[in-house]
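First comes the structure, then the notes that go with it.
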Amino acid sequence: MTARERNSALIEAIIADGTLRDAALVEAFRAVPRHLFIPETSAVTARGGTLSAEGNPDRWLAAVYTDNAIVTRLEGPEVPRQRGSRQGPATSCSSAPTVLARMLELADLANGQRVLEVGTGTGWNTALLTHRLGDRAVTSLEIDDRLLGAARRALHGTGMSPATHLADGHAGHPDGAPYDRIISVCGVRRVPEAWLEQLVEGGLIVCPWGLLESAGVLMRLERRAGGTTLGRFHGGVGFVALRTPESSPPPVRDAGQQPDEYRLTQEDPVSPLLTFASAFALSVMVPDWRMRRRWIGTGSGLWLCDRKGESWVRIYPYGTSWMVEQGGPRSIWDEFEDALELWGELGRPEPDRFGLAVDPDRGQRLWLDDPDGRSWPVGSPI
């Protein structure tokens with residue numbers, strides 16, 4: 001199949017499943033093929049396979065037009081750290097086509113709007129926005145100069161010239177404010193204050209939200225009269241977290257600390273942390289924690305800790321049981337158990353029953369079912 005045929009087949013599939021509905025967006029996806037924005041070398045598939053248009057052009061093209069993310073930049077010493085949740089070595093990717101379609105549909109785009117995009121990445125989403133709204137309506141920010149250079153070349157190769165800037169997306173772009181829409185393909189845990197300040201009343205923010213890669217959600221917020229910004233979550237999504245040049249927190253790794261407490265359990269303690277709905281609930285109800293898989297001689301376990309690495313939990317198989325060890329001033333595992341009990345009492349709500357509110361007086365908080373009902377404060381970015 002040719003690139004044109006593969007692009008057409010992918011678009012038809014996204015239309016058929018109901019993800020892509022807006023006629024103007026359908027036209028944009030048809031006019032802006034993905035392969036023009038994917039590196040011909042050094043890209044990596046969602047499963048870790050290396051792609052090369054020169055070495056295996058058919059495999060490269062097939063991967064480009066599969067509905068999966070493609071990693072285009074891996075973490076290195078010259079790459080600024082991620083702001084927010086730890087997402088592993090990927091620091092930039094071309095989002096799965098259905099994810100971009102979902103985001104752009106949620107953004108409710110219309111002629112005459114001005115959009116700030118955070119995370120230029122490959123430039124594909126930038127191109128879709130530009131085709132839909134025009135060069136002068138789109139401003140895009142990228143923190144990585146190598147990525148920005150490649151994206152600019154790809155954009156110019158398609159005849160598009162939106163405003164692109166090398167900048168920390170966390171600060172927005174005040175020179176072009178205010179914006180009708182702020183769209184970020186990078187995930188956040190807290191909505192940056194600058195975004196709120198640069199958004200018009202009635203404007204929308206669409207971006208991934210989450211602490212954990214396994215429990216991210218797509219968020220749409222509306223700025224309302226009186227300064228309140230309110231919105232809901234719309235299904236799960238993987239993401240690369242918003243990055244910043246600031247210094248990084250300690251790594252999420254087992255440093256071999258001796259525990260203050262041992263606990264042997266027959267009940268699987270790992271599953272709630274790796275299952276989407278329960279992991280999301282824990283990320284809402286338990287503040288300040290990070291997680292990574294941990295491999296030891298007895299099998300696969302988990303290591304969890306707070307931002308400073310002072311309080312921690314070590315989980316690993318122990319015969320036919322599980323060993324849970326914890327240490328530090330906080331008893332994080334006890335907090336997890338309490339949160340899981342509460343989640344069960346609340347009816348084990350799925351993520352789409354939660355939403356986010358940003359109030360001038362109450363700060364940022366996650367709410368369940370009703371903005372005026374039960375809520376949890378959103379802590380500092382980790």
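Atoms considered below: every heavy atom in the structure, side chains included; atoms not considered: hydrogens, waters and symmetry mates.
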Keeping the roles fixed (side chain from Arg34, backbone from Val64), state whether a donor-acceptor pair exists under 3.5 Å. yes
Would the number of heavy atoms belonging to other residues, nucleotides or ligands and lying under 6.0 Å from CD of Glu54 be above 12? no
Are any of the side-chain heavy atoms of Trp124 and Leu36 separated by less than 4.5 Å? no
Applying the side chain to side chain contact (heavy atoms under 4.5 Å, CB included) criterion to Leu141, which one of His170, Glu117, His173 satisfies it? His173
Look at the side chain of Asp180 and the backbone N and O of Arg114, then say whether any donor-acceptor pair between them is shorter than 3.5 Å. yes
Is a side-chain N or O of Glu310 found less than 3.5 angstrom from the main chain of Pro329, in a donor-acceptor match? no
Quick one: does Arg220's side chain have a donor or acceptor within less than 3.5 Å of a partner on Leu204's backbone? no
Donor-acceptor contact present, side-chain Arg223 to main-chain Leu196, <3.5 Å: yes
Geometric class of the Trp333/Phe336 ring pair [parallel <30°, tilted 30-60°, perpendicular >60°]: perpendicular
Please lay out, stage by stage, how Val358 and Val378 fare under the test side chain to side chain contact (heavy atoms under 4.5 Å, CB included). CA-CA 10 Å; Val358 184; Val378 178; over 6 Å; no
Grouping I, L, V, M, F, W and Y whenever their side-chain heavy atoms are under 4.5 Å apart, do Val71 and Leu148 come out in a common cluster? no
Looking at every non-hydrogen atom in both residues, tell me the closest pair between Thr72 and Ser94 and how far apart they are. CG2-N, 4.2 Å
Can you tell me how far CD of Glu261 sits from CD of Glu325, rounded to the nearest 0.5 angstrom? 10.0 Å
State, to 0.1 Å, how close Pro269 and Trp322 come at their nearest heavy-atom pair, and which atoms those are. CD-CG, 3.2 Å
Non-hydrogen atoms of His35 and Tyr65 that approach each other most closely: ND1-OH, 2.7 Å
With a 4.5 Å heavy-atom cut-off, do Leu10 and Phe29 have their side chains touching? no
Looking only at non-hydrogen atoms, find the nearest pair between Arg330 and Asp288 and report the distance. NH1-O, 3.0 Å
Any Lys/Arg nitrogen of Arg353 or Asp369 sitting under 4.0 Å from an Asp/Glu carboxylate oxygen of the other? yes
Between Leu282 and Met291, is the side chain to side chain contact (heavy atoms under 4.5 Å, CB included) condition met? List the steps. CA-CA 12 Å; Leu282 288 171; Met291 177 180 73; over 6 Å; no
If we check side chain to side chain contact (heavy atoms under 4.5 Å, CB included) with Val284, which of these qualifies: Trp367, Phe354, Trp343? Phe354
Glu142/Thr164 under side chain to side chain contact (heavy atoms under 4.5 Å, CB included): CA gap, chis, key distance, verdict: CA-CA 8 Å; Glu142 175 57 56; Thr164 57; over 6 Å; no
Scanning both residues in full, the closest heavy-atom pair of His131 with Met160 reads CB-CE, 4.0 Å
On a heavy-atom basis, the closest approach of Cys186 and Val118 is SG-O, 4.0 Å
Do Gln198 and Pro174 come within less than 4.5 Å of each other through their side chains, counting heavy atoms only? yes
Quick check on the hydrophobic clustering: are Leu342 and Phe280 connected, directly or via other members, by side-chain heavy-atom contacts under 4.5 Å? yes
Taking the basic N atoms (NZ, or NE/NH1/NH2) and the acidic carboxylate oxygens, is any pair closer than 4.0 Å for Glu222 and Arg232? no
Okay, side chain of Trp209, backbone of Gly355: is any donor-acceptor separation there less than 3.5 Å? no
Hey, is the main chain of Val237 close enough, under 3.5 Å, to the side chain of Arg102 for a donor-acceptor pair? no
Distance-only, no hydrogens or angles: does the Asp145 side chain make a donor-acceptor pair with backbone N or O of Leu166 under 3.5 Å? no
How far apart are the C-alpha atoms of Leu104 and Ile183, what are their side-chain angles, what is the distance that settles it, and do they pass the side chain to side chain contact (heavy atoms under 4.5 Å, CB included) test? CA-CA 8 Å; Leu104 294 176; Ile183 299 174; 4.2 Å; yes
Taking the side chain from Arg365 and the backbone from Ser375, do they hold a donor-acceptor pair closer than 3.5 Å? no
More than 12 non-hydrogen atoms from neighbouring residues, nucleotides or ligands closer than 6.0 Å to CD on Glu5, yes or no? yes
Look at the side-chain heavy atoms of Ile, Leu, Val, Met, Phe, Trp and Tyr, link any pair under 4.5 Å apart, and say whether Leu264 and Tyr316 land in one connected group. yes
Please check if atom CZ in Arg30 has more than 12 non-hydrogen atoms from other residues, nucleotides or ligands closer than 6.0 Å. yes
Classify the side-chain pair Thr66/Asn68 by whether it contains a donor and acceptor separated by less than 3.5 Å. no
